[in-house]
Amino acid sequence: MEPKIAEKAWDPKLENAILKKWKEEKLYDFQLSDNNYTIDTPPPYPSGRPWHIGAASHYAQIDMIARTARMSGKNVYFPIGIDRNGLPVELYTEKKHGIRMRETERGEFLELCKNALDDLEAEMIQIMKNLGLSGDFKNYYRTDSEDYRKFTQETFIDLWKKGIIYLATRPNNYDWVSGTTIADAEIVYEEIPTKLVYMKFITKETKKEIIIASTRPELLCACKTVIVNPNDERYSDLIGKELIVPLTNSEVKITPHHSAKIEFGSGAVMVCSYGDQNDVALFRELQLDEVIAIGLDGRMTEVAGEYQGLKPKQARTKIIEDLENANLVEKIEDISHRTPLSERSKTPIEIVPMEEYYLKQKDSLEKMKKLGEEIEFYPNMHKQILMNWLESISIDWPISRRRFYGTEIPIWYCNECSEPFVPEPGKYYRPWKDKCPAKKCVKCGNTEFTGEERTFDTWMDSSVSPLFVTKFNRDEEFFKKTYPTAIRPQAKDIVRTWLYYTLLRCEKLTGEKPWSEAWIMGYGLDEKGMKMSKSKGNAIDPLPVIEKSGADTFRFWSASEINQGYDFRCSEQKIESTRKFLSKLWNVSRFLSSFPVIKSGQLSESDKWILSELDKLISVCKEGYSKYNFFIPSTAIREFTWNIFAAQYIEIAKARAYGIGFTDEERDGAIFTLHKVLSTILKLLAPITPFITEHLWQTLYSQDSIHKENLPNIENLDDMSEMTQLLSEFNSKVWNEKKQKELSLKDSIKIDVPETLNQFKKDLIAMHNLESN
RNA sequence: GGGCUCGUAGUCUAGCUCGGUUAUGACGUCGCCUUUACAUGGCGAAGAUCCGGUGUUCAAAUCACCGCGGGCCCA
C-alpha cells in the first residue's frame, strides 16, 4: 500500500503554512470564561542585537507551559508584552548615534530611543512568532505605551496616598563633571597610579601609634570608624578602643569587620563617607552617621575646614603635605589602584548623598515571607533565592532615577515653598514638559510649579505586569476572573528584582499574591559554559538557527537538553542534531500512513505489551508536565519512540500488519495498535513540538487541530515491562546471529523462542522467519 | 569581597532522599553495513580520577566535614 505521507523527511518550511493556518483559525485567541489560566508572561527587554538564544529557548518553554495547560482543559490566557523602559536602550541609542543623553534635547532623545526599541522589538516578536508561541499577539502591550505608563503612574499615586512613598537621602555615584548621578552600569574601572599614605593614628588610652594606610587622606574629616579583621592578632586587644584621627583630632572606635584585609597596608582601614562602595556598605551595616565631605560641585565642603573649596585631588596633595609637616606620616607608597571612573567624562566618580524617592518595604518583609512560602516554585530549589533575599533586605526600595527613558514620576513642586503636588490618576503625566494641573499651591498659594524631571526605576513598571494584563482598575469582571494569575515564568537572575518587586507591589495594591506558582529557568551559556556576550563574540543569534533547523527542532532541543531550573549550554551543532528525532518520528508516521486507521482489532500479546509500555509513558509524561518539566516528557518520548516502539514493536508487528500468515482479525490488532500508539505519541508531544505533531495529526487522524485535544489518560493496563528487555535481547540475538552468518534479515534461521517469550511466539517467528520448532 | 547555587565521559543526563551489580540512556566521535518506513538509517566500539581531600562504614557517586571550580545576585 502506498503511504499517505510521500516525502521522506520533515521539512521545517512547512511550519510557515501551519502558523498561517493557526492565525486564520484564531486557534489561540483568548475568550474570557470561568476556567481561566493566566500566565504572567515576562515582557522581554529589547536591549540589543541579536536577542539572546537562551531567552528564545526560555520563551519556547513558556509556550510549552501554555500548551500543557490548554491540553489539560484550561482556558489559557497567554499575554505577550515588551518591556521598553530603562537604561540599556539609552546606552544603546547613545552609542548608535554617537550622542550623549544629557547633551540632547529630551524629546528628541526619547524619539531616538523609541525608534531603536521599535527595530529591536520587531526582531523579538518575529522570533517569538516563528517559535510558534501560542500567545495573544493581537493585543501585545508595551510598558512605554501611554496606557501602560498611565497605569504605572496610577499605582504610584495610589501608594503615595497610602503613605508608602517617602523622600530620603542616600549615597549615589556622582559624576561632578557632567553634574549627574550615574548608574552602576555606567561605571568603568581603570588602574590609576596613586599614593598610599601610611598615617599615624593615636590610641586614646595608651597613646600608642597605630598606622593606617589610605589612598584618600582628604577624607580624614569624614572618618567615622577604623576596621580591623577579627582574625588579625595585631589588633585583637584594641577592638572597641578609641583612636584619635590625625589633624582633625576627632575620636573614632576600632571595629572588627571581615572586609578588612590583613595583608593590605597595615591591616587597619579607615572608613569614611564615602571613599568607595565598601564604605557605603559599612556605614549602612554599622549604622554610622555620614559626613558630607564632598559637595555636588565636586569640591570639599565646610566640614573639611581649611581644605574647603578644593577639589579632592588638590586637597589630597595639601593634606599629605600638612601630615608630613606634623610628622604624622610613616611612609608613602606609589601604587596602582583600581579606580571607578565615569564612562562619560573619564573622571573618578565620587559617592555623594542625594535625595531620592523610596517605597517602604522593610515593614512588609514578614508578609512577603509568608506569601513566598505559599507560592509553589518549579524547581523548588530556587525558592531559596527569594527567601535569602528577603532575609537580607536592609533598606527601602529607591524608586527614582535621573534618567530619561522611563515612566515619569508624576509630581510637580511649588516654586515658592517646594511643596509637592501629586495629580489625580487617570492621565499620563509628563511633568518635565506638561504644565502642572494644579492652579495654585495648597500650602502657600503660589501659582508657579516646576515639574519633576526624574523617572521611575524600571522595576516600578514591570512589577505591575500581572495587574496590567488582568485589567486591574479597568475591567472588574475580567480582573476577578483572571487574578491572581496562575503562574509566573521567569529567569532565575531576576528573582530578587522582578519576582520580588512584583510580589511586593501586587500585595500592596490588591492585598493578594499575584500568582500561586513560579517557574524559574536557568541561564543560557555558550558551549564552554561561559556567559555569552557580544564583546566576547560567543553570542549565538537565534533567528538563523531557527530558520535553518526549524522551530520544532529548536523547541525539542530546548526541552530535551535543559534540566529544569539549571543553567544550560547552547551550541548550534547540538540543536541541529536534535532534528534526527523529528526525522525518526516522521518516518514512523510515514510507515504507518500506509495502513488504514481502524477502530479495533484482536489484540495479540505483543500489542498488549506495547500498550502497557505506552500507558507507562503517558504516566511519566503527565507527571513531568504537571511539574512544567519538559525534560522528562521529551526524553521519555524520544526513548520510547525510538528504542521501544520503532526498534522493537514495529518490527515485531510488521509481518502481522501486512497480514501474511495471520487472520484479518489478528492483522487489524496490529494496525489498530500501531495507530493507537502513534496518535498517543503525537498528543503527548504536541506541547513541545506543535508543528510536526499538527502536520502528522491532520494528515493521519483528523481535520481538526491536535491543539484542541486533551493529553491522553492512562488506562491502568497490566504492567508488562519485564518483557521489554527480554524481547529486545532476543531480537538483538537473532539480528546479530544473522549478521554473523551473513544472512539477510529475511532469510530463515533456526533459533528457539525461549520459554519466557512464549506468549509472543507467533509474532516472533513471523518477524524473524524462524524455522518452527 | 559577601551571599546563594551547582559540579557524574567532549556535551546533556539517570542513579544520590533511604550507602551494596560491571555507574543509566542520549548527542557527538570512530569502525562496519545499501538491510527493513527511515543512510536524516542499522549494528558495534572507544570514551568517567562520579570536582579534590579527609572522615564515618565491611562497603561511598550516594552520608559528614574541609577545600577547589563554574554560574547568578549583591558590593
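Reminder, nothing fancy here: chain letters follow the sequence lines and each chain counts from 1. Hydrogens, waters and symmetry mates are skipped; everything else that's a heavy atom, side chains included, is used.
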S.K.: Between P on rC6(B) and CD1 on Ile520(A), what's the gap in Å once rounded to a whole number?
M.R.: 15 Å
S.K.: Rounding to an integer number of Å, can you tell me how far Ile637(A) CD1 sits from rU13(B) C1'?
M.R.: 17 Å
S.K.: Do NZ/NE/NH1/NH2 and the carboxylate oxygens of Glu391(A) and Lys369(A) come within less than 4.0 Å?
M.R.: yes
S.K.: Taking NZ, NE, NH1 and NH2 as the nitrogens, is one of them in Lys492(A) or Asp567(A) under 4.0 Å from a carboxylate oxygen of the other?
M.R.: yes
S.K.: Can you tell me how far C1' in rA9(B) sits from the matching atom in rA45(B), rounded to whole Å?
M.R.: 14 Å
S.K.: Rounded to whole angstrom, note down the P distance from rU62(B) over to rC6(B).
M.R.: 16 Å
S.K.: For Met521(A) and rG71(B), give me the distance from atom CE to atom C1', rounded to whole Å.
M.R.: 15 Å
S.K.: Describe, in one word, how the ring planes of Phe645(A) and Phe640(A) are oriented to each other, choosing from parallel (under 30°), tilted (30 to 60°) and perpendicular (over 60°).
M.R.: parallel
S.K.: Provide the distance between the two P atoms, one in rC72(B) and one in rG67(B), to the nearest whole Å.
M.R.: 24 Å
S.K.: Can you identify which nucleotide, out of rG25(B), rA37(B), rC6(B), has its nearest atom closest to the Val588(A) side chain?
M.R.: rA37(B)
S.K.: What integer distance in Å separates Asn643(A):CG from rG41(B):C1'?
M.R.: 13 Å
S.K.: Which residues pass the salt bridge (Lys or Arg N to Asp or Glu O under 4.0 Å) test with Asp396(A), sequence neighbours left out?
M.R.: none
S.K.: Nearest of rC4(B), rC38(B), rC6(B) to any side-chain atom of Asn388(A)?
M.R.: rC4(B)
S.K.: Could you tell me whether a side-chain N or O of His768(A) sits under 3.5 Å from a main-chain N or O of Leu770(A), the two making a donor and an acceptor?
M.R.: no
S.K.: Toward the 5' end of RNA chain B, which comes first, Leu525(A) or Phe631(A), by nearest nucleotide?
M.R.: Phe631(A)
S.K.: For atom P, what is the distance between rG19(B) and rU13(B), given to the nearest Å?
M.R.: 25 Å
S.K.: Rounding to an integer number of angstrom, what distance separates rG47(B) and rG28(B) when you compare their C1' atoms?
M.R.: 11 Å
S.K.: Keeping Asn172(A) on the side-chain end and Tyr174(A) on the backbone end, is there a donor-acceptor pair under 3.5 Å?
M.R.: no
S.K.: Fit a plane to each ring of Phe554(A) and Trp557(A), take the angle between them on a 0 to 90° scale, and name the class: parallel (under 30°), tilted (30 to 60°) or perpendicular (over 60°).
M.R.: tilted
S.K.: Please assess Trp51(A) against Tyr59(A) for the test ring pair (Phe, Tyr, Trp, His ring centres under 6.0 Å), listing each intermediate value before the final yes or no.
M.R.: CA-CA 12 Å; Trp51(A) 198 21; Tyr59(A) 282 87; 5.4 Å; yes
S.K.: Establish, for the pair Lys654(A) and Phe591(A), whether the NZ or CZ atom is under 6.0 angstrom from the six-membered ring centre and no further than 45 degrees off its axis.
M.R.: yes
S.K.: Are any of Lys738(A)'s side-chain N or O atoms less than 4.0 Å away from OP1 or OP2 of rU35(B)?
M.R.: no
S.K.: In whole Å, measure the gap between the C1' atoms of rU49(B) and rC4(B) for me.
M.R.: 29 Å
S.K.: For Phe556(A) and rC12(B), what is the distance between atoms CZ and P respectively, to the nearest whole Å?
M.R.: 17 Å
S.K.: Does any donor-acceptor pair link the side chain of Lys584(A) with the base of rC38(B) at a separation under 3.5 Å?
M.R.: yes
S.K.: Just to verify, what does Arg505(A) make a salt bridge (Lys or Arg N to Asp or Glu O under 4.0 Å) with, not counting sequence neighbours?
M.R.: none
S.K.: Test your reading of the model: is there a side-chain donor-acceptor pair from Lys738(A) to the backbone of Asp747(A), 3.5 Å cut-off?
M.R.: yes
S.K.: Does OP1 or OP2 of rC38(B) have a side-chain N or O of Lys8(A) closer than 4.0 Å?
M.R.: yes
S.K.: Determine the contact category for Tyr658(A): base if any of its heavy atoms lies under 4.0 Å from a base atom, sugar-phosphate if only primed atoms, P, OP1 or OP2 are that close, otherwise nothing.
M.R.: sugar-phosphate
S.K.: Could you measure between the two P atoms, the one in rU24(B) and the one in rA14(B), and give it in whole Å?
M.R.: 14 Å
S.K.: Using whole Å, report how far CG of Asn587(A) lies from C1' of rG42(B).
M.R.: 13 Å
S.K.: Which residues, if any, of residues 558-580 of chain A bring a heavy atom under 4.0 Å of RNA chain B?
M.R.: Glu561(A), Asn563(A), Tyr566(A), Asp567(A), Arg569(A), Gln573(A), Lys574(A), Ser577(A), Lys580(A)
S.K.: Are Arg579(A) and Trp10(A) in a cation-pi setup, meaning NZ or CZ lies under 6.0 angstrom from the ring centre and within 45 degrees of the ring axis?
M.R.: no
S.K.: Ile650(A) or Ser583(A): which one's nearest nucleotide on RNA chain B is closer to the 5' end?
M.R.: Ile650(A)
S.K.: Taking Watson-Crick (N1-N3 plus N6-O4 or O6-N4) and G-U wobble (N1-O2, O6-N3), each under 3.5 Å, can you produce the dot-bracket string of RNA chain B? Use [ ] for crossing pairs and | for inter-strand ones.
M.R.: (((((((..(((.......[....))).(((((.......))))).....(((((..]....)))))))))))).
S.K.: When rounded to the nearest Å, what value does the distance between C1' atoms of rG42(B) and rU36(B) take?
M.R.: 9 Å
S.K.: Report the residues that fulfil side-chain contact (heavy atoms from CB on, under 4.5 Å) with Tyr628(A), sequence neighbours left out, ordered by chain and then residue number.
M.R.: Tyr37(A), Ile65(A), Tyr378(A), Ile487(A), Glu517(A), Trp519(A), Gln564(A), Phe630(A)
S.K.: Does rG42(B) have OP1 or OP2 under 4.0 Å away from a side-chain N or O of Trp642(A)?
M.R.: yes
S.K.: Starting at the 5' end of nucleotides 43-48 of chain B, put B wherever the base has a protein heavy atom under 4.0 Å, S where only the sugar-phosphate does, and a dash everywhere else.
M.R.: BS----
S.K.: Given atom OH of Tyr501(A) and atom P of rC73(B), what is their separation to the nearest angstrom?
M.R.: 14 Å
S.K.: Select one nucleotide: of rG41(B), rA39(B), rU36(B), the one nearest the side-chain heavy atoms of Lys654(A).
M.R.: rU36(B)
